[in-house]
Amino acid sequence: MFIWLLIMNFSSLCSALLLLFRLAMMSKLELKEDKMLEVQFVGDDDVLNHILDREGGAKLKKERAQLLVNTKKIIKKPEYDLEEDDQEVLKDQNYVEVLGQDIQESLKNGSAADGGNKVYSFQNRKHSEKMAKLASELAKTPRKNVSVNLKNDPEIMINIPQCSKGHSASDKVQVKNNDKSEFLSTAPSGIRKRLIVPRSHSDSESEYSASNSEDDEGVAQEYEEDTNEVILSQKIPSQNRVLSAPVCKGTPSKKMKRDKTSDLVEEYFEAHSSSKVLTSDRTLQKLKRAKLDQQTLRNLLSKVSPSFSAELKQLNQQYEQLFHKWMLQLRLGFNIVLFGLGSKRDLLERFRTTVLQDSIHVVINGFFPGISVKSILNSITEEVLDHMGTFRSVLDQLDWIVNKFKEDSSLELFLLIHNLDSQMLRGDKSQQIIGQLSSLRNIYLIASIDHLNAPLMWDHAKQSLYNWLWYETTTYSPYTEETSYENSLLVKQSGSLPLSSLTHVLRSLTPNARGIFRLLIKYQLDNQDNPSYIGLSFQDFYQQCREAFLVNSDLTLRAQLTEFRDHKLIRTKKGTDGVEYLLIPVDNGTLTDFLEKEEES
Amino acid sequence: MATSSVSKGCFVFKPNFKKRKISVPVGVNVTDHDLTFRSLTEALQNNVTPYVVSLQAKDCPDMKHFLQKLVSKLMNCCVDEESKEESIQVTQKKTFCSMDSLSSWYMSVTQKTDPKLPRKKRTSSSQWQSPPVVLILKDLESFTTKVLQDFIIISSQHLHEFPLILIFGIATSPIIIHRLLPHAVSSLLCIELFQSLSCKEHLTTVLDKLLLTTQFPFKLSEKVLQILTNIFLYHDFSIQNFIKGLQLSLLEHFYSQPLSVLCCNLSEAKRRINFLSENQCENIRRLPSFRRHVEKQASEKQVALLTNERFLKEEIQSLLENLHVYHTNYFLVLRCLHQFTSSLPKYPLGRQIRELYCTCLEKNIWDSEEYASALQLLRMLAKDELMTILQKCFKVFKSSSEKQLGSTAKRIEEFLAQFQSLDAEAKEEEDTSGLQSKGLQKTDLYHLQKSLLEMKELRRTSKKQTRFEALREKVVNFIDSLVREYLLPPETQPLHEVMYFSAAHTLRAHLNAAPRIALHTALNNPYYYLKNEALKSEEGCIPNVAPDICIAYKLHLECSRLINLVDWSEAFATVVTAAEKMDANSITSEERNEIIHARFIRAVSELELLGFIKPTKQKTDHVARLTWGGC
């Protein structure tokens, strides 16, 4: 049974691999399995290592094959382009060669470190447990020389309850507890990563397992169903494959190639088709870690001492040496775009302070949520060109600016745009307008982009407007400013902004209106512990307001509410019974603060 | 350029009570079209009519907008000369416009400007009483068919009072007109087709004028040229971008190569040599090509070159002169060789001169297999082909005044003369053979066959070449010797670094960058950027001391479409605590957890900014992955 399980696991391991290697693997596996049968006893660790080695080999091969496919594609494409041209002989290989040479040559440019095959490779079906596993692996790596504990690594312990349960339900295999280690291989690709990690199990993560296993006991039950599905779905295709493998063995290589590409496609759809994604159901609430607000987050982060500061400094110095070159290139009609990981804000800031001091420049924080092309143009017309008039449309304004700059060639303007690819500026129209600005001879644009897909903003026409020179500036510095405005997932939006706007709006209202609003706040605060609270119904509210002599008819109340609604102070919702419910979309803490302030004044 | 031909086309064709339509198929490239159309508009405005309007499909979703745009642009383009107030009136009027108003406007305008016309002596006035209106539709394919049809039908009704010429820019094939327009509509048009030059021809022109000439000392090395042409051919077909690449390489060359001071015309360079500083001299001595040159010299001269500045400067002068001569000869021979190879079947050395140039820059061309096969093909050329090629070559050599190759021109002339004499002899021979054949005429079929077979046998056995073959062999050998003598790759020339820009990778990094791969590398392999031993790791695995964002990224790769934030943060915490183990004793564990959580938050929001994940409402406390696969 031991061996049989192993075979099962092997086939599931293969499930994610490409057909070509599937074939190779299967035959190899069969051979190996034969060998395995002869062995009487195999230690847990040996088994594991065995699996890992083999997986590694397959993985390597797979990558190489994908590389081949990729070059093939590169070669193919241009042929279509040139079909109509009278069969000019294009040296495809040369092209690829040149690309390859460049990759080796470019020492400064990290972009080429490894070819596109990894970047655009396909994602395997992922297992829910893998992240935790990888984490513990990563945690281990540097401490290679810590005493090695071969017996039982705690990480394996964690996995047992879930896996065994899953199996026992689906496979009807009686599982004994001492078979633990085989089950590990049910998480195929999780292990795949591990082959790189030397198997040194330190005690260092015992803490992790302790903290985790408590949860896991609970979670495991929730999981049971999910895991069953995973295992089933893995099993079925793998078995099919076992059957089909010998049939396809003899196929010529050409066909295999085609199969491989179609297999890639299949994998894509496999990864994306099923609407159900298996993840754990844990929520942050269970973690009992409150959402931090921006300020505390910043305070906490300031305590972290940045690592690799020497290297970072070196990187930055390297980029700073380019400042004068940038300046020259800007003046010669190119525009500069910076890309690469890490905030480029400081770098641009230093560029500004060192070389742009004496020239007119406009700095645009693209990451600021309120930015728009209109405001950029406004700042140019008003601040730079001292024009007080207004314009009918953005395009008019653009025309005016363009004319102004064309007329007066002594006029010079540097535009620094942080995050040209931000939400607000990435639109087609905005990019068109900025591009037209930047195409002027005496407007110099230097911008940074961060988003993964930022270059997709520009088609050929826009790119020729921008006339970009690309510079890679990987700084690794945190995007502190850039992310601070973002409606981040884990960061609670601080209450300061709504609070001040609340007071502002309320101050401009009549005392009666203020009273109405205060009534609503109080009611909402009274009900804050009620989870099913959906708001105060309009009739009740009217009644209360009448009793407090705030309104005399429901029409006046409605007029007041319209006022509130315009300022987004309240939200109305139709309940199930068709009654209107009123709610203040501000969190309770802010409301309490507000009430306190009101009472003070 | 298409411009001249188009503007000519406007005059040649009579109205025939049809609207004339001129279509200019322009191909896929977008960026250069604007330039083409702009110059076309200018040419038309200068030579034919002031009323030139160009419209784009995105401005005209329907008939109303189409007319509005047309009217406003048309009126704007001629009120420029007139008073400003009128233009304001016009723009206010534009809310209502129809073909009627347009033609009445046209009447009034042409009557107003009529007296002007004879004075300006517009050529068009000979054919039309008033200049026609030219409407350019830049991207015919993207116009909706209905708008086009309607417009053509309506305007054909007004053709008498409103002469209109349409110019369509077609990116695909001319058949598209008939696909877009039914016969009833297209029959209203009088279609004339003009083909704009293919962008590759423009490329050839640019290369010919800028690089394959001694006029400009700046040259590109093989790799750079390869990259630029590849970007052109495989990415955008844009001459503008190609020129941008040239500009950038020029800029890089003069920015990064200190010896580029000498990269100017010969007389100026000679002047500058005298002002070379000690440092610059030292730079020259360090040039690899110069060092090779020195090593070849006799030992006394070596010493002199390395120590005596004056001697060095003289040497540089002569070397630069040599380089200049080398280039002159190089391009002449290159063009000559191109004449020979460009007509060979299958083009073993490429069809365009740029391909030949690239191969020649790269290595000794005579070592390549392609060259050998090309020579073999040359040895099979027919006489008339060979003669036309020789004549072309003769012209090439004649065009230069260089003395060294003057003899070559003479040699070619001699060859030509010999061929001609061959012609004469051949005629005589023919006459004699003609007599012979007359004698044979009376034999029967059997005998004829027999004699033919005999002749064949004879020809096969006698390896003796005819005189033409001998001469052809001579010509080919002559060309071969020319190539071997003059088409040496520039690397062999001392001081070639002064003229040749070779930093291909910088060019590529700045023109054709790969931001996505850079991001991938930075996240996967931080050691690439941060040269810290702690970050060194095997492929596909990162150490736990790596920057937070790398760890978070690595962990998120393990998930499928949705990621549970709690799992993620726990995994993150595991990794980070393991890394921190040593120095964590000072602060309490609670505080440490807080900090780690904060770091996790930061990493996650950075990944969100980079576009790897986004918040989702599918499940509480989950984020969605936006990428699939490795990056």
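For the numbers below, each heavy atom of this structure counts, side chains included, while hydrogens, waters and symmetry mates do not.
- Residue contact with chain A, scored on non-hydrogen atoms closer than 4.5 Å, is absent for B:Ile596.
- Evaluation of the side chain to side chain contact (heavy atoms under 4.5 Å, CB included) rule for A:Asn467 yields A:Phe334, B:Lys244 as partners, not counting sequence neighbours.
- Remark: B:Ser256 pairs with B:Glu252 by the side chain to side chain contact (heavy atoms under 4.5 Å, CB included) rule, at least two apart or across chains.
- Heavy atoms closer than 4.5 Å to chain A are found in both the backbone and the side chain of B:Arg599.
- Per-residue heavy-atom pair counts under 4.5 Å with chain B were compared for A:Asn299, A:Leu301, A:Leu315, and the maximum is reached by A:Leu301.
- Of the atoms belonging to B:Leu251, it is side-chain heavy atoms, and not backbone ones, that fall under 4.5 Å from chain A.
- Listed for the A:Tyr476 side chain is a donor-acceptor partner under 3.5 Å among the backbone atoms of B:Ala522.
- Remark: the backbone N or O of A:Trp470 is paired with a side-chain donor or acceptor of B:His510 at under 3.5 angstrom.
- No side-chain heavy atom of A:Leu312 sits less than 4.5 Å from a side-chain heavy atom of B:Tyr529.
- By the 4.5 Å heavy-atom criterion applied to side chains, A:Thr480 and B:Arg602 are not counted as neighbours.
- Neither the backbone nor the side chain of A:Leu465 comes within contact range of chain B; no heavy atoms are under 4.5 Å apart.
- In this structure, chain B has a heavy atom under 4.5 Å from the side chain of A:Leu332, while its backbone stays farther away.
- Contact of A:Pro455 with chain B is made through the side chain alone, with heavy-atom distances under 4.5 Å.
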